[in-house]
Amino acid sequence: GMGNVIGLDLNDVKKLLVGEEAEIININGSNNFFISGKITTIQSILEKSKTEGALHARMLPVGCPYHSKFITEAAVGFGSFIRGLDIRTPHIPAISCIDQRKITNPAEIRSELINNLITPLNWQQTVIRMSENGVSLFYECGAGLSLFKLNKFIRGDHKTLKFNLIDKIAD
């Protein structure tokens, strides 16, 4: 399972994970973390995080612990699928959510897609890197508003719009 902890810092969350079968799988901000592991372990960590002063701690309604070592077996089949795709060289480099390097060719894209499934991400550093490289406008394309809201708390000179708000770009 996966959980979200908001309001603790990185060291506080790491302390909660010591000795547990769990890991931080996404750093969304200085005080916003996703964790992954066995459901009962995540539930316990979330309760402890509330005791430690977390502003928010909840289970995520997902069926798989994405971006974690806990689904390494799934990466084998997923990798076979990805290697069969026709992926072309991008006109504009992508930025890795794993290590923030520039991705410039099909082999790197395939590797990123496969590793994204089983490797922790750092959304905060990705947005910072993109901002440092001149990206000033982000679009939230997901079903919710999570990235739209998160990006407000990440340093950088950028704006984020919800995809269905593109018509309000003139604001």
Side-chain angles (χ1 to χ4, degrees), residues 1-14 16-17 22-37 42 49 54-58 60-62 64-72 74-75 78-79 81-83 85 87-166 169:
M2 292 172 60
N4 181 224
V5 177
I6 298 174
L8 298 179
D9 68 24
L10 181 59
N11 288 329
D12 291 334
V13 176
K14 283 181 176 180
L16 292 172
L17 300 182
E23 64 182 335
I24 296 170
I25 53 97
N26 199 346
I27 299 172
N28 280 329
S30 300
N31 301 97
N32 188 326
F33 308 92
F34 282 91
I35 58 175
S36 183
I42 297 301
S49 71
L55 300 173
H56 181 76
R58 71 177 177 99
L60 299 177
V62 297
C64 261
Y66 296 104
H67 318 301
S68 76
K69 64 185 177 187
F70 300 106
I71 58 171
T72 301
F78 185 67
F81 171 75
I82 293 297
R83 283 187 283 282
L85 294 177
I87 297 176
R88 298 182 184 148
T89 302
H91 294 287
I92 299 169
I95 300 295
S96 168
C97 286
I98 296 169
D99 60 11
Q100 295 70 56
R101 76 188 184 291
K102 286 185 180 181
I103 299 171
T104 61
N105 64 61
E108 291 174 328
I109 293 170
R110 282 187 186 88
S111 178
E112 181 75 12
L113 289 169
I114 296 165
N115 288 326
N116 186 290
L117 190 65
I118 58 172
T119 307
L121 309 179
N122 191 325
W123 178 250
Q124 175 179 252
Q125 286 305 119
T126 303
V127 170
I128 291 169
R129 173 73 188 261
M130 291 171 65
S131 292
E132 290 170 349
N133 284 302
V135 175
S136 61
L137 187 59
F138 292 85
Y139 295 102
E140 166 66 73
C141 298
L145 292 171
S146 60
L147 298 178
F148 174 78
K149 293 176 182 178
L150 281 171
N151 283 5
K152 291 180 182 184
F153 299 99
I154 298 175
R155 73 173 163 83
D157 187 21
H158 55 81
K159 182 176 182 177
T160 303
L161 299 176
K162 176 75 174 124
F163 190 71
N164 65 2
L165 299 178
I166 290 175
I169 234 171

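Only heavy atoms go into these numbers, but all of them, side chains included; no hydrogens, no water, no symmetry mates.
Side-chain atoms of Thr119 and Asn115 include no donor-acceptor pair closer than 3.5 Å. Using a 3.5 Å distance cut-off with no hydrogens or angles, the side chains of Gln124 and Ser30 do pair a donor with an acceptor. With no hydrogens or angles considered, no side-chain donor-acceptor pair links Asn32 and Trp123 at under 3.5 Å.
Proximity of a side-chain donor or acceptor of Glu108 to a complementary backbone N or O of Thr104 within less than 3.5 Å is detected. Distance alone, capped at 3.5 Å, is enough to place a donor-acceptor pair between the Asn31 side chain and the Leu8 backbone. Looking at Gln125, its side chain never comes within 3.5 Å of a backbone N or O of Asn28 through a donor-acceptor pair. Looking at Glu140, its side chain does come within 3.5 Å of a backbone N or O of Phe148 through a donor-acceptor pair. Between the Arg110 side chain and the Leu85 main chain, a donor and an acceptor come within less than 3.5 Å of each other. Under the 3.5 Å distance criterion, the side-chain polar atoms of Ser111 are left unmatched by any main-chain donor or acceptor of Ala107. Under the 3.5 Å distance criterion, the side-chain polar atoms of His67 are matched with a main-chain donor or acceptor of Asn116.
More than 12 heavy atoms of other residues, nucleotides or ligands sit less than 6.0 Å from atom CZ of Phe70. For CG of Asp9, the number of neighbouring non-hydrogen atoms (other residues, nucleotides, ligands) closer than 6.0 Å is greater than 12.
Checked against side chain to side chain contact (heavy atoms under 4.5 Å, CB included), Lys69 has the following partners two or more places apart in sequence or in another chain: Glu23, Thr72.
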